[in-house]
Visitor: 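Pasting a structure here, questions to come.
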Amino acid sequence: MRTSSLPLLKHAQAHGYAVPAFNFHDLVDLQAILAVAEEEEAPVILMASESTIRFAGFPYIEAMARAALKDSRALFALHLDHGRELDNIVKAVRHGFTSIMFDGSYLPLAENIRLSAWVVDIAHRVGINVEGELGQIPGTEDDISVAEQEAGLTDPALVAGFVAQTQVDALAVAIGTAHGLYKGEPKLDFDRLMAIRKETSVPLVLHGGSGIPDALAQRAIELGISKLNVGTELRLAYTGSITRAVQKREINDPRPMLNIAREAVMEAVREKIRLCGASGRARAIEV
Ligand code: 13P
């Protein structure tokens with residue numbers, strides 16, 4: 001069943017777990033995510049970034065989500081990840097997305113607030129939830145790159161004002177995670193997370209979920225993270241499994257390769273669903 005993301009996030013917030021949110025790129029990884037979500041009875045958020053939209057196109061993404069409604073019992077939201085182009089945001093609304101992230105984090109604060117509020121206004125009219133971002137998360141997510149020196153952690157003092165002025169439904173916070181893989185062990189600023197948590201009641205989102213040691217991810221969830229975003233680990237599972245398979249034999253049919261990739265992505269998805277404590281939660285969620 002497709003739903004907006006807010007009921008999922010609210011349930012996670014009330015019960016102390018996080019909704020796993022996965023970047024997908026095509027039919028293979030989309031099916032992998034849904035298959036495991038169904039097996040684990042876990043709510044999931046399927047995230048398409050703007051570069052996935054450029055790759056696959058809105059009509060195909062919309063059609064895949066519609067097919068999933070017929071083919072799968074999984075409870076999911078379809079989410080635009082790091083939406084920056086207003087054109088894409090309007091198209092997402094038209095093409096069956098149920099959740100949108102407007103990423104104005106690279107803009108001056110007043111502009112981030114103004115545009116986030118505009119997106120919220122449009123999205124709420126049609127029952128779509130909006131995630132905003134305050135502070136900037138370093139690293140590379142698809143084609144969005146934020147250098148270490150441009151990145152800035154979320155200032156707790158700005159949180160209540162940002163949420164009140166924009167009316168976002170969820171807030172992505174920068175507390176030391178990064179998009180992509182980490183060079184060493186990431187250092188998460190849990191004091192900052194606790195301070196942010198005190199400033200607002202909206203569900204908080206942690207980006208850069210790939211490569212965070214399990215104990216740190218679990219601590220972040222205990223301290224109030226309700227959505228954990230994971231992209232790179234799925235991409236590595238997908239491409240790594242194909243690379244290894246190709247090295248072993250000559251390929252003249254993509255299907256066995258893509259089956260191997262689907263299995264590899266399923267493994268990575270299962271691990272994250274369990275890490276988030278999301279298994280078995282879907283049946284308790286009313287949408
Ligand atoms: P990773 O690619 O580091 O897992 O981050 C994913 C993400 O935060 C998507 O918004």
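FYI, the numbering just counts along the sequence from 1. Numbering of ligands and ligand atoms starts at 1, following listing order.
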Visitor: Among all the protein's non-hydrogen atoms, which is closest to atom 10 (O) of ligand 1, and how far away is it?
Guide: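 It is Asp81 OD2, 2.8 Å.
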Visitor: Identify the protein heavy atom lying closest to atom 3 (O) of ligand 1, giving its residue, its atom name and the separation to 0.1 Å.
Guide: Gly180 N, 2.9 Å
Visitor: Under 4.0 Å from any heavy atom of Thr232, which atoms of ligand 1 are there?
Guide: 1 (P), 2 (O), 3 (O), 4 (O)
Visitor: Taking 4.0 angstrom as the limit and counting only heavy atoms of His82, give me the atoms of ligand 1 inside it, by number and element.
Guide: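 Ligand 1 atoms under the 4.0 Å threshold to His82: 10 (O).
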Visitor: With a sphere of 6.0 Å drawn around CE of Met194, does it hold more than 12 non-hydrogen atoms of other residues, nucleotides or ligands?
Guide: yes
Visitor: Among protein heavy atoms, which lies nearest atom 4 (O) of ligand 1, and at what distance?
Guide: Ser210 OG, 2.5 Å
Visitor: Could you tell me the residue and atom name of the protein heavy atom closest to atom 8 (O) of ligand 1, and the distance to it rounded to 0.1 Å?
Guide: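 In this structure, atom 8 (O) of ligand 1 has Gly208 N, 2.8 Å as its nearest protein heavy atom.
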Visitor: Quick one: which of Ile122, Val119, Val130 gives a side-chain contact (heavy atoms from CB on, under 4.5 Å) with Ile89?
Guide: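 With Ile89 as partner, Ile122, Val119, Val130 yield a single side-chain contact (heavy atoms from CB on, under 4.5 Å), made by Val119.
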Visitor: Short list, please: which atoms of ligand 1 are under 4.0 Å from a heavy atom of Arg235?
Guide: 2 (O)
Visitor: Tell me, please: is His179 in heavy-atom contact with ligand 1, that is, under 4.0 Å?
Guide: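 Yes, His179 has heavy atoms under 4.0 Å from ligand 1.
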Visitor: Quick one: look at Asn23 and ligand 1, take heavy-atom pairs under 4.0 Å, and tell me if it's side chain, backbone, both or neither.
Guide: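 Only the side chain of Asn23 comes within reach of ligand 1.
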Visitor: With a 4.0 Å cut-off on N to O distance, would you call Arg270 and Glu39 a salt bridge?
Guide: yes
Visitor: Relative to the heavy atoms of Gly231, which atoms of ligand 1 are at a distance of less than 4.0 Å?
Guide: 1 (P), 2 (O), 4 (O), 6 (C)
Visitor: Would you please classify the geometry between the His82 ring and the His207 ring as parallel, tilted or perpendicular, with 30° and 60° separating the classes?
Guide: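 His207 and His82: perpendicular rings.
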Visitor: Do Ser72 and Glu38 have a side chain donor and acceptor closer than 3.5 Å?
Guide: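 Note: Ser72 and Glu38 side chains meet the donor-acceptor criterion.
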Visitor: Using only heavy-atom distances, determine whether the side chains of Thr166 and Ser116 contain a donor-acceptor pair under 3.5 Å.
Guide: no
Visitor: Looking at Glu50 and Arg54, is any side-chain nitrogen of the basic one under 4.0 Å from a carboxylate oxygen of the acidic one?
Guide: no
Visitor: Indicate yes or no: at least one non-hydrogen side-chain atom of Ile225 is less than 4.5 angstrom from one of Val173.
Guide: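 Yes. Closest side-chain heavy atoms under 4.5 Å.
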Visitor: Show which atoms of ligand 1 fall inside a sub-4.0 Å distance from at least one heavy-atom site of Ala178.
Guide: 3 (O)
